[in-house]
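Computed over heavy atoms, backbone and side chain alike; hydrogens, waters and symmetry mates excluded. All chains are named by letter (A, B, ...) in the order of the sequence lines, taking the proteins before the strands, and each is independently numbered beginning at 1.
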Number of protein chains: 2
Amino acid sequence: MTDLLSLIYKKRDGLVLSADEINGWISSLTSRTPPPDYQISALLAFIFQKGMNEKETATLTEAMRQSGKQFEYKNFPKGALFVDKHSTGGVGDKITLPLAPLVAACRESLYFPTISGRGLGHTGGTIDKLESIPGLKIDRSLEDSYKILKKHRVCFLGQTKDIVPADRILYALRDVTGTVESIPLITASILSKKLSENLDFLILDLKSGSGAFLPKLELTDKLAASLSSVARESEVPCNVFVTRMDTPLGHYSGHRLEVKESLAILKGEGPAASTELTKKFTERFLIFSGFASEDAVKTIDRKIQTGEAFEKFKDVIEAQGGSLVKFEKAVKENKMKTKVITAKEKGFLHFDVRKLGLALVELGGGRKSKTDIIDNDVGFYHPFETGDRVEEDQEVLKIYYRDKKKLDDCLQVLETAVQIKIESFPKSPLIRKVLV
Amino acid sequence: MTDLLSLIYKKRDGLVLSADEINGWISSLTSRTPPPDYQISALLAFIFQKGMNEKETATLTEAMRQSGKQFEYKNFPKGALFVDKHSTGGVGDKITLPLAPLVAACRESLYFPTISGRGLGHTGGTIDKLESIPGLKIDRSLEDSYKILKKHRVCFLGQTKDIVPADRILYALRDVTGTVESIPLITASILSKKLSENLDFLILDLKSGSGAFLPKLELTDKLAASLSSVARESEVPCNVFVTRMDTPLGHYSGHRLEVKESLAILKGEGPAASTELTKKFTERFLIFSGFASEDAVKTIDRKIQTGEAFEKFKDVIEAQGGSLVKFEKAVKENKMKTKVITAKEKGFLHFDVRKLGLALVELGGGRKSKTDIIDNDVGFYHPFETGDRVEEDQEVLKIYYRDKKKLDDCLQVLETAVQIKIESFPKSPLIRKVLV
């Protein structure tokens with residue numbers, strides 16, 4: 001057993017942990033004699049309070065990465081570049097779905113192996129959204145995933161036990177000890193997972209606003225800086241975006257509704273914001289791969305117009321066992337009832353996005369406990385954004401529901417989630433900041 | 001299970017815990033479904049960092065007291081006053097031994113039920129010292145202890161599982177999570193135990209200096225203020241003394257040597273400092289019981305001169321199964337070898353008392369692990385105090401040892417524990433502060 005007590009004292013007293021100390025701690029977590037939970041949680045609490053400097057955070061990130069399996073791309077074409085995007089999540093954030101195939105459609109050398117998670121709290125999960133496509137299978141061996149990736153240059157993967165097990169251990173403790181919202185711990189958690197994908201380039205999308213994992217803008221900015229500097233320390237080219245989550249992203253929330261919106265984006269028929277973000281990220285990937293900015297934009301539009309982007313998504317979905325035909329059929333058969341929320345007076349729309357996400361969970365479109373089964377068909381249509389001017393009686397939210405009881409629970413949460421403000425207020429920009 | 005997470009969040013974010021929250025937490029500790037250790041330790045870590053206000057600390061103290069059995073003095077004489085003294089411990093602090101019988105000898109109405117602990121780290125324990133008297137038994141039922149107390153007005157008790165179990169649970173966790181040195185947590189730990197003795201008056205002796213549990217003077221002063229105010233909040237009259245532990249107390253350290261010094265104090269033949277402190281505390285107890293200060297001092301001296309104080313101690317020891325005759329015999333039979341340390345040059349003596357205590361542990365006069373058996377006969381004679389002027393070659397420490405190997409280990413620690421400073425420096429007063 002590694003005795004964590006000396007590390008606890010040091011961190012408690014505001015001292016800096018050495019690389020040996022951090023490495024010893026993290027490697028002990030997955031050893032046969034891990035330290036007791038109560039010492040880990042005390043150490044996490046003191047790290048929460050006292051922070052970690054850039055070097056400590058980078059060491060922690062690397063130690064956590066080393067705790068698990070690393071991706072190895074054997075026998076891939078020469079010049080293959082492996083890229084991914086990670087978002088801290090929110091409501092309506094389906095960007096990974098259209099992004100990966102669009103990037104792959106635009107550039108032959110780009111490979112997009114993307115590990116995603118499941119829904120958590122008020123936020124949806126990319127894996128859950130993908131699994132609303134009938135037949136689609138995420139849980140497969142890494143070898144199978146490499147095969148799909150090699151052929152289609154995109155593969156959607158779920159988190160496995162092999163990848164950064166130290167993060168899983170620490171996160172489970174942080175979740176129940178009030179130590180989640182720590183900049184160095186979040187940095188190490190996010191980056192260790194992404195770095196174990198052995199990437200050539202990474203985009204991180206930090207959400208800010210009421211629906212973000214970290215609602216405080218100040219913390220988001222700190223996290224952006226921390227992620228950027230630790231990625232640099234780890235010598236992985238990385239762009240950190242700070243984007244708005246004070247309004248749901250795009251026009252739809254809910255699993256199948258978001259897949260539909262993703263398909264629309266790939267066909268050039270998507271809502272403005274989710275389309276813009278998908279394209280902006282794609283542009284960055286293309287520029288990284290050697291495109292001039294102007295060429296990148298043109299290529300993106302062309303690949304959408306020609307249908308190649310959509311075809312790429314279809315191919316990947318099918319390679320992973322899914323069927324878009326069956327998806328369309330399932331959507332038709334599960335016709336949802338709808339309930340429309342209108343503006344009670346004219347004014348300016350304001351979403352509490354976290355509550356909106358929780359209202360979606362009430363509807364059945366998210367899990368309250370791990371074993372809950374998601375209702376893929378429920379969801380919201382939200383044509384306006386926070387800050388938009390709306391008239392009296394104008395439709396601001398359409399609810400797709402199955403169960404009257406659940407609708408009632410949802411409506412109760414929505415009462416404070418969707419409001420009309422009399423005074424106008426500035427709309428947040430979609431992209432607030434990019435750290436290159 | 002009480003969910004501690006909301007308490008963790010509050011304390012983490014610098015908020016004040018409500019009485020209900022504190023009571024719920026503490027009562028859950030001894031419930032059938034206690035909260036998980038990792039949440040308790042996270043909460044302790046955030047309390048360590050953010051502190052607790054006076055009201056929170058008083059509530060915590062009372063909740064902890066309520067977690068266990070309270071002393072109930074049934075069928076004691078009308079007007080009986082129950083008193084005790086608690087010291088935070090150090091090296092050579094044997095004051096409880098002569099104090100309890102002296103107080104009882106001086107005043108018929110005073111009853112001295114005193115719960116003491118065992119040695120911990122570099123500090124000795126009153127119970128261990130008493131157990132160096134052959135036959136003496138501390139572990140007895142509370143009913144038996146009441147009988148001894150009723151008859152002799154003194155009873156030495158050990159800590160039992162019934163008294164403040166919440167403190168035992170919390171202390172065990174604090175000890176291994178770096179959360180010991182917290183003013184509110186120490187306050188609640190000390191006072192909850194003492195308050196469960198159902199006292200009419202209490203003296204707390206906080207040690208300050210290199211051998212103290214809290215070496216930082218600033219922390220000691222804060223702790224004194226916290227103890228004093230929380231005792232007031234709990235409506236228990238209490239005097240808080242801050243006394244020096246930058247030099248060992250009295251002339252002897254080591255279990256039997258300290259019992260011998262205690263006997264000497266009761267015979268009026270003790271060293272100046274340990275005698276003075278014993279008398280000062282006794283005076284406070286007597287004044288509390290109605291004596292004028294002058295009368296108290298006279299009575300103390302008379303009860304020592306007449307031998308009544310010594311007889312009282314002998315009676316209590318015998319009532320608890322001990323024999324002073326056998327004690328003297330054991331001391332004679334276990335003749336220790338001695339090694340004298342002299343001043344290398346003239347100057348001013350300086351003890352690092354913590355190290356001196358650790359050197360005593362090396363000698364066998366303390367435990368390194370819980371199962372170690374104490375060698376009662378080893379110890380130190382230290383005729384001078386920190387700050388005293390000593391001449392070259394003057395004896396500053398005599399070591400009573402049994403085992404050459406242990407002596408060597410002891411001497412190694414002593415090298416930095418006993419030093420001669422060329423420059424003079426001010427001696428600390430024996431009593432630095434009294435909060436009444």
*Asks:* The criterion is side-chain contact (heavy atoms from CB on, under 4.5 Å); which residues satisfy it with A58(B), sequence neighbours excluded?
*Replies:* V230(B), E233(B)

*Asks:* Show the nearest heavy-atom pair for residues V176(B) and I8(A), with the distance to one decimal.
*Replies:* O-CD1, 4.1 Å

*Asks:* Only pairs under 3.5 Å, no angle test: what donor-acceptor pairs are there between chain A and chain B?
*Replies:*
unit_1	atom_1	unit_2	atom_2	d
R12(A)	NH1	G178(B)	O	2.7
R12(A)	NH1	E181(B)	OE1	3.0
Y38(A)	O	S41(B)	OG	2.7
Q39(A)	NE2	V176(B)	O	2.7
S41(A)	OG	Y38(B)	O	2.7
S41(A)	OG	S41(B)	OG	2.6
V176(A)	O	Q39(B)	NE2	2.6
G178(A)	O	R12(B)	NH1	2.7
E181(A)	OE1	R12(B)	NH1	2.9

